[in-house]
Amino acid sequence: MENESLYVTGSLIAIFFQNPSNFYKVMLIGVEETNTPYEELEIVVTGSFGDMIEGETYQFIGHLVDHPKYGKQFQVETYKKIQPTTENGLVEYLSSDKFPGIGHKTAEKIVETFGDKVIEIIMNEADRLFEVDGITKKRQQVLHEGVRENYGMEQVIVSLHDYGFGSQLSMAIYQQYKGETLELIQENPYRLCEDIEGIGFKKADQLAENIGIEATSSSRIQAAIQFELLQGSLNEGNTYLEAEMLLEQTIQLLETSRPVEITPNLVADEIIQLVDAGKIQQEGTKLFENSLYFAEFGIATSIKRLLSRKKRIKYDEAAIDKIIAQLEKQNKMNYGDSQILALKEAIRSPLFVLTGGPGTGKTTVINGIVSLFAGLNDLSLDINEYHNEVFPILLAAPTGRAAKRMNETTGLPSSTIHRLLGLNAGEKINAEEIEKLEGGLLIVDEMSMVDTWLANLLLKAIPTNMQVIFVGDKDQLPSVGPGQVLHDFLQVDEIPSCELTDIYRQGNGSTIISLAHGIKNGKLPADLTKNQPDRSFFQCQAVQIEPIIRQIVTKAQAKGFTAQDIQVLAPMYRGVAGIDNINNMMQEIFNANPNGTRKEVKWNDKVYRIGDKVLQLVNEPELNVFNGDMGVITGIIFAKDSDNKVDELVISFDQNEVTYGRNEWSKITLAYCCSIHKSQGSEFRMVIIPMVNQYARMLQRNLLYTGITRSKELLIMLGEASAFIRATDNEATNRLTYLLPRISEALELAPHIYIESNDTEEVTQKNPNTYQQVVNETLERTNEQDVLSPVTEDYVLTETLVTQGIISPMIGMTEGVTPYDFEPIPH
DNA sequence: GGGGCATT
């Protein structure tokens, strides 16, 4: 925690809400003492809690928040039960009905004997109770067990600290196992790495070693296999692992955790045991973690169910044409041919997949489908007309921001998939228990971000007679979780789909579009490093990234570009060419404080000033602000001037303004430069993308594609050409999944000719010394059509040319970008 | 080494 810790001590009056599947609770507390500025007698606290007893006194550590709907609340990080401290309090406590058989007199005697140490003694040296007159074996037991139950959590937490777990982890462990914690851990310490996020195999193994579990014991090896199977899948986004790979990686995990040799046979035997016991699943030489195996199975079953709906969708061709013509007239536009095809096929399919890059009009088609569906079914799109019935068109997306955007473009209600399904984040849920949705049409946008687990839950919730449209860009970044559901669906012939390719947003002269198009097919144009009207390239090394961006941005600023127009997109935070470093530099250009006379606030390593461009990092649906939204700081209120007596930032996002107290500043960060991941779903006039080999593992094709396609007008690339090539060659989307054969199986088709997805060209390990050769090879591979002009060495911008002022960084952007009127600098 | 989802 960054600030002094705030606490509230008080007694639990009531539990307003508790989520039975996790430990989230909302409770009302009668305030006895606090160091917060809160002055009311009662306060609402929220957070994760174990068993809470009404009437008991607790101390909560955390911070005050201002909830937009529920007002001031105390958000709890940790808490503990407070023992009664005064002798009177202790007597009251011990004579209460928690301890049957102990009256006031007895309680007084006990407290007289042991004083304020009484709780500790009852808990740890219960036999000493016999020193007190009138304590029978039975009473001693009642006291011992009662106190243990009440103070059990603290006891357990203390023991967990002894095991080497920090307070956060200890809380998480206690919340999982509660009173049984210590027994369960003793019995099988490896359950920790299965059940608790943040505890890996090695940590659990350390504990196991202390407890005396042998290095070659079955429980240890099985735990390692299961851990590696899930982690191995998660790390690479795969839904299964090849047995050989699992064997190898498991041995490595076991041997690095403890220096004892483990033979392959030993591990292989345990794999067989696990398969026999149904704890992992096997398909030929492929091994699956259970939840991923069943999720793929479930998806396939749902696809089959949806495709074979009984009630046929029969819409009159003429009626469809009529409505489309009406829409065109009404909106004063014409659909493209491929858009019309997509509309017609989508409206007649039980399940339809629509894909396409930025600017191809996916949103236009979504709107068209909505209107078409409403028109054909004679439905009103005015939600106010639906009082008792549900609105028949459901819109959803995997992120809050995409959902908000859908709402803005359609004017209809939209939600995250999680909200739609009533899921809690991170919660494991049985797909069979999920409630069916109600309505006639469901459209899901940004489907590329949906992983195998969520796709299964979503599909399970769709009733058979609901039409479904999945929309997304298959070439964007894959989902955070395992799988590549959209990508796989598009390869199933039986699932109707359409790819939009015509670009409506940019002119045909745009070389950014052709560059993006080339990259998604694994090709870089020969003129990558040559200037075009809408893009340019600077060759430089990692250490030069920052100074060169500084020059580019300074010049662009002089041409009238604002911080909102220019977006630097980088793959990672750390390092000289990392986001953090670039952000600080950009802040000095756009919003400096040279004399130190401007208002500013410090937070961790950052400084915020009025005018700073910031990025929202969490969803705040009540405020209509979502993860990935960008805003500007419009006010700084120092603690002495604020109502809440804390430093506050006022931030303006599009239309609405929010105020964040210091304890909420972790919800934002500087946004001059942001990660390519975070930029998904946004577009900017000018995009600057650095790529250097230092970004190593982040150099992936779809990452570069996503970054480049964020640009609406101008694109500036800089760094090492070899890094751009590496990224283009590295097709990381191709994850190992078994969804295609699973769907074929479900649809009872002849087995697909199943192509191993990692079976791509040999592009992996190339000697960096042969860099020029790689460049040449890649350029040679380039399709003739994409070659706009041959490489001419004189035009390659180098750092020297720029720093010496020989070339303006804006060179090349002189034609066809009339509004900004760049001056060509002769050289 | 980057990434999202929630509850009164």
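Proteins get letters first, then strands, A, B, ... in listed order; numbering begins at 1 in each. What you see is a predicted model, and the numbers here were worked out from it, not measured in a lab.
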Between Asn730(A) (CG) and dG1(B) (P), how many Å, whole number?
15 Å

Contact class for Tyr695(A) vs. all strands (heavy atom < 4.0 Å): base, sugar-phosphate, or nothing?
nothing

Can you check whether Leu715(A) reaches Ile689(A) side chain to side chain, under 4.5 Å on heavy atoms?
yes

Taking only side-chain N and O atoms of Thr416(A), does any of them lie within less than 4.0 angstrom of OP1 or OP2 on dA6(B)?
yes

Rounded to the Å, how far apart are Leu569(A) CG and dG3(B) P?
12 Å

note: Met447(A), atom CE; dG4(B), atom P; distance rounded to Å ~ 18 Å

Show your reasoning for whether side-chain hydrogen bond (donor to acceptor under 3.5 Å, both in side chains) applies to Tyr705(A) and Asp473(A).
CA-CA 11 Å; Tyr705(A) 171 85; Asp473(A) 181 350; 3.2 Å; yes

With the six-membered base ring of dT7(B) as reference, does the ring of Tyr24(A) sit under 5.5 Å away with planes under 30° apart?
yes

Side chain of Gln73(A) - closest among dA6(B), dG1(B), dT8(B)
dT8(B)

Does OP1 or OP2 of dG2(B) have a side-chain N or O of Arg697(A) closer than 4.0 Å?
no

Sugar-phosphate, base or nothing in reach of Pro621(A), heavy atoms under 4.0 Å
nothing

CD (Gln252(A)) with more than 12 external heavy atoms under 6.0 Å:
no

Among the candidates dT8(B), dG2(B), dG4(B), find the nucleotide nearest to the side-chain atoms of His677(A).
dG2(B)

Within a 6.0 Å radius of atom CG on Asn235(A), are there more than 12 heavy atoms belonging to other residues, nucleotides or ligands?
yes

So what does Gln18(A) touch, heavy atoms closer than 4.0 Å: a base, only the sugar-phosphate, or nothing?
nothing

Rounded to the Å, how far apart are Glu197(A) CD and dG3(B) P?
16 Å

How is Gly400(A) classified with respect to the nucleic acid when contacts are heavy atoms under 4.0 Å: base, sugar-phosphate, or nothing?
sugar-phosphate

Rounded to whole Å, please give me the gap between CG in Leu617(A) and P in dG3(B).
9 Å

Can you tell me the distance, in whole Å, between the CG atom of Leu457(A) and the P atom of dG4(B)?
19 Å

Roughly, in whole Å, what's the span from CD1 in Ile579(A) to C1' in dG2(B)?
9 Å

So Tyr672(A) and Val568(A), do their side chains get closer than 4.5 Å, heavy atoms only?
no

Relative to the 5' end of DNA chain B, which residue comes earlier, Met449(A) or Val26(A), by the nucleotide with the nearest heavy atom?
Met449(A)

Side chain of Val44(A), heavy atoms from C-beta onward: which of dG4(B), dT8(B), dG2(B) has the nearest atom to it?
dT8(B)

Hey, does Lys678(A) reach any base, or is it just sugar-phosphate, or nothing, if we go heavy atoms under 4.0 Å?
sugar-phosphate

Using a cut-off of less than 4.0 Å, is there contact between a side-chain N or O of Asn619(A) and OP1 or OP2 of dC5(B)?
yes

Planes under 30° and centres closer than 5.5 Å, is that true for Tyr70(A) with the base of dT8(B)?
yes

Write down the distance between CD1 (Ile417(A)) and C1' (dA6(B)), rounded to a whole number of angstrom.
14 Å

Ignoring backbone atoms, establish whether Asn627(A) has a side-chain N or O less than 4.0 Å from OP1 or OP2 of dG4(B).
yes

Taking OP1 and OP2 of dG4(B), is either one under 4.0 Å from a side-chain nitrogen or oxygen of Arg401(A)?
no

Check the side chains of Glu296(A) and Thr239(A) for a donor-acceptor pair under 3.5 angstrom, ignoring hydrogens and angles.
yes

